[in-house]
Novice: 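Quick one: the structure is below, questions incoming.
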Amino acid sequence: VRYISNHSSGKMGYAIAQAARTMGADVTLVSGPVNISPPANIKLIGVTSAQEMHDAVMHDIQQQDIFIACAAVADFRLADIPTHKVKKKDGMLTLSFEQNPDILKAVAAQASPPFTLGFAAETNDVETYAKAKLERKKLNMIAANDVSLSGLGFNSDRNALTVITKNNKISLPAASKYALAIELLKLLSSEY
Ligand code: PMT
């Protein structure tokens with residue numbers, strides 16, 4: 001009856017899957033529910049929770065050379081999901097949340113991980129937080145996404161990214177998500 005969500009449409013992730021396929025990769029796309037058609041000739045695994053996404057990713061990860069984490073996965077889930085509508089009452093409503101698994105961190109922590117490209121959706125100090133995530137999660141590359149910019153990012157057809165590695169930082173200016181995905185994957189190929 002009520003839910004808590006975010007603005008992610010899946011457009012960026014699907015554009016990356018399409019671009020990777022066009023560039024010759026065998027692509028497995030693990031996706032939450034979205035309103036867009038999947039690219040042709042890829043393997044699509046549909047999930048509806050962070051835990052399901054974690055399990056699907058970990059099940060397949062040994063067969064993958066590259067892992068790209070673009071999904072806006074919830075960091076927390078409700079500790080108890082009510083089976084009936086929560087009725088309105090006066091005063092505050094308190095909900096308890098428990099932590100979801102960090103899928104990207106789990107992939108990168110494996111004994112022989114694939115090349116990992118994470119995203120960092122931030123609204124302030126974007127590059128600083130992205131670089132911290134790159135180091136903390138032990139990633140090969142991170143795409144810093146300033147989601148405070150109007151007309152870009154969440155649910156838009158366009159986006160802009162700053163791609164950061166241990167020794168490098170490259171800005172990819174605003175473009176369609178597909179054009180941006182191609183540029184992002186070219187950068188990835190140069191680091192892979
Ligand atoms: O879907 P669109 O409408 O096209 O929007 C695209 C986008 C804005 C969602 C995308 O470009 C983007 O920025 N994705 C990352 C969103 C996010 O959750 O960022 P984060 O900084 O909270 O997470 C850091 C990284 O950890 C991400 O790679 C994320 O996929 C991963 N993560 C996060 C939480 C979790 N439980 N498990 C994870 O693996």
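Order of appearance sets the numbers: ligands from 1, and atoms from 1 within every ligand. Being a predicted model, the structure only gives us computed values, none of them experimental.
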Novice: Could you state the interatomic distance from OG1 (Thr28) to NE2 (His59), rounded to the nearest 0.5 Å?
Specialist: 11.5 Å
Novice: Do Tyr192 and Phe67 share a hydrophobic cluster, counting only Ile, Leu, Val, Met, Phe, Trp and Tyr and linking them when any side-chain heavy atoms are less than 4.5 Å apart?
Specialist: no
Novice: Assess Ala50 for proximity to ligand 1: is some non-hydrogen atom of it under 4.0 Å away?
Specialist: no
Novice: Mind checking whether Glu98 and Phe76 have side chains closer than 4.5 Å, heavy atoms only?
Specialist: no
Novice: Do NZ/NE/NH1/NH2 and the carboxylate oxygens of Lys43 and Asp26 come within less than 4.0 Å?
Specialist: no
Novice: Evaluate the criterion side chain to side chain donor-acceptor pair (under 3.5 Å) for residue pair Asp146 and Ser148; output intermediate values, then yes/no.
Specialist: CA-CA 6 Å; Asp146 185 342; Ser148 70; 2.6 Å; yes
Novice: Can Leu117 be reached from Leu134 by stepping across I, L, V, M, F, W or Y side chains whose heavy atoms are under 4.5 Å apart?
Specialist: no
Novice: Does ligand 1 have an atom that lies less than 4.0 angstrom from a heavy atom of Gly13?
Specialist: no
Novice: Purely on distance, is any nitrogen or oxygen of Asn100 under 3.5 Å from one on ligand 1?
Specialist: no
Novice: What pair of heavy atoms forms the shortest contact from Leu187 to Ser190, and how long is it?
Specialist: O-OG, 2.6 Å
Novice: With a 4.5 Å limit on heavy-atom distance, are the side chains of Gln99 and Arg77 in contact?
Specialist: no
Novice: Any idea which protein heavy atom is nearest atom 9 (C) of ligand 1, and the distance to it?
Specialist: Phe154 CE2, 3.6 Å
Novice: Determine whether Asn168 and Glu191 satisfy the following criterion, side chain to side chain contact (heavy atoms under 4.5 Å, CB included), listing intermediate values before the conclusion.
Specialist: CA-CA 10 Å; Asn168 217 349; Glu191 293 281 337; 4.1 Å; yes
Novice: Between Gly32, Ala108, Ala72, Ala69, which one has a non-hydrogen atom sitting closest to atom 16 (C) of ligand 1?
Specialist: Ala72
Novice: Distance to 0.1 Å, residue and atom name: give those for the protein heavy atom nearest to atom 21 (O) of ligand 1.
Specialist: Lys133 NZ, 2.4 Å
Novice: Check this for me, if you would: do Lys131 and Glu127 make a salt bridge, where the nitrogen-to-carboxylate-oxygen distance has to be below 4.0 angstrom?
Specialist: no
Novice: So for ligand 1, is Val147 a polar contact partner (N or O within less than 3.5 Å, distance only)?
Specialist: no
Novice: Answer yes or no: does an N/O atom from Pro101 fall short of 3.5 Å to an N/O atom of ligand 1?
Specialist: yes
Novice: Within the side chain of Asp125, is there an N or O that forms a donor-acceptor pair under 3.5 Å with the backbone of Thr128?
Specialist: no
Novice: Could you list which atoms of ligand 1 come closer than 4.0 Å to a heavy atom of Asp75?
Specialist: 34 (C)
Novice: Please classify the Ala74 to ligand 1 contact at 4.0 Å (heavy-atom distances, strictly less than): side chain, backbone, both or neither.
Specialist: backbone
Novice: Which of the atoms of ligand 1 are close to Asn159, meaning less than 4.0 Å from one of its heavy atoms?
Specialist: 11 (O)
Novice: Check whether any N or O atom of Phe119, backbone or side chain, sits under 3.5 Å from an N or O atom of ligand 1, and answer yes or no.
Specialist: yes
Novice: For atom 39 (O) of ligand 1, what is the nearest protein heavy atom, given as residue, atom name and distance?
Specialist: Leu104 N, 2.8 Å
Novice: Identify, for atom 37 (N) of ligand 1, the protein heavy atom at the shortest distance, and state residue, atom and that distance.
Specialist: Ile103 N, 3.2 Å
Novice: Is there at least one pair of N or O atoms, one from Lys137 and one from ligand 1, spaced under 3.5 Å apart?
Specialist: yes
Novice: Quick one: CD1 on Ile36 to OG on Ser9, what's the gap to the nearest 0.5 Å?
Specialist: 5.5 Å
Novice: If the contact criterion is a heavy-atom separation under 4.0 Å, does Lys105 count as touching ligand 1?
Specialist: no
Novice: Side chains of Phe119 and Leu104: closer than 4.5 Å at any heavy-atom pair?
Specialist: no
Novice: Decide, yes or no, whether a salt bridge links Glu122 with Lys133 under the criterion of side-chain N to carboxylate O below 4.0 Å.
Specialist: yes
Novice: Give the atom numbers and elements of ligand 1 that come within less than 4.0 Å of a heavy atom of Asn155.
Specialist: 2 (P), 3 (O)
Novice: Have a look at ligand 1 and work out which part of Leu161, if any, has a heavy atom under 4.0 Å from it: side chain, backbone, both or neither.
Specialist: neither
Novice: Just to check, does Lys177 reach to within less than 4.0 Å of ligand 1 when the distance is taken from its heavy atoms?
Specialist: yes
Novice: At the 4.0 Å heavy-atom cut-off, does Ala130 count as touching ligand 1?
Specialist: no
Novice: Indicate yes or no: does Asp102 engage Lys137 in a salt bridge with an N to O separation below 4.0 Å.
Specialist: yes
Novice: Would you indicate which of Gly118, Gly10, Ala71 comes nearest to atom 29 (C) of ligand 1 when only heavy atoms are counted?
Specialist: Ala71
Novice: Short N/O distance, under 3.5 Å, between Met12 and ligand 1?
Specialist: yes
Novice: So which of Val34, Asp102, Asn145 gets nearest to atom 32 (N) of ligand 1, if we judge by its closest heavy atom?
Specialist: Asp102
Novice: Quick one: do Met12 and Leu29 end up in the same hydrophobic cluster if we chain Ile, Leu, Val, Met, Phe, Trp and Tyr together by side-chain heavy atoms under 4.5 Å apart?
Specialist: no
Novice: Lys11 to ligand 1: N or O pair under 3.5 Å?
Specialist: yes
Novice: Out of Cys70, Ala160, Ala121, who gets a non-hydrogen atom closest to atom 14 (N) of ligand 1?
Specialist: Cys70
Novice: Which atoms of ligand 1 have any heavy atom of Ala120 under 4.0 Å away?
Specialist: 21 (O)
Novice: What atoms of ligand 1 come closer than 4.0 angstrom to any heavy atom of Ser8?
Specialist: 1 (O), 2 (P), 3 (O), 9 (C)
Novice: Considering only protein heavy atoms, which is closest to atom 35 (C) of ligand 1, and at what distance to one decimal place?
Specialist: Val73 CB, 3.5 Å
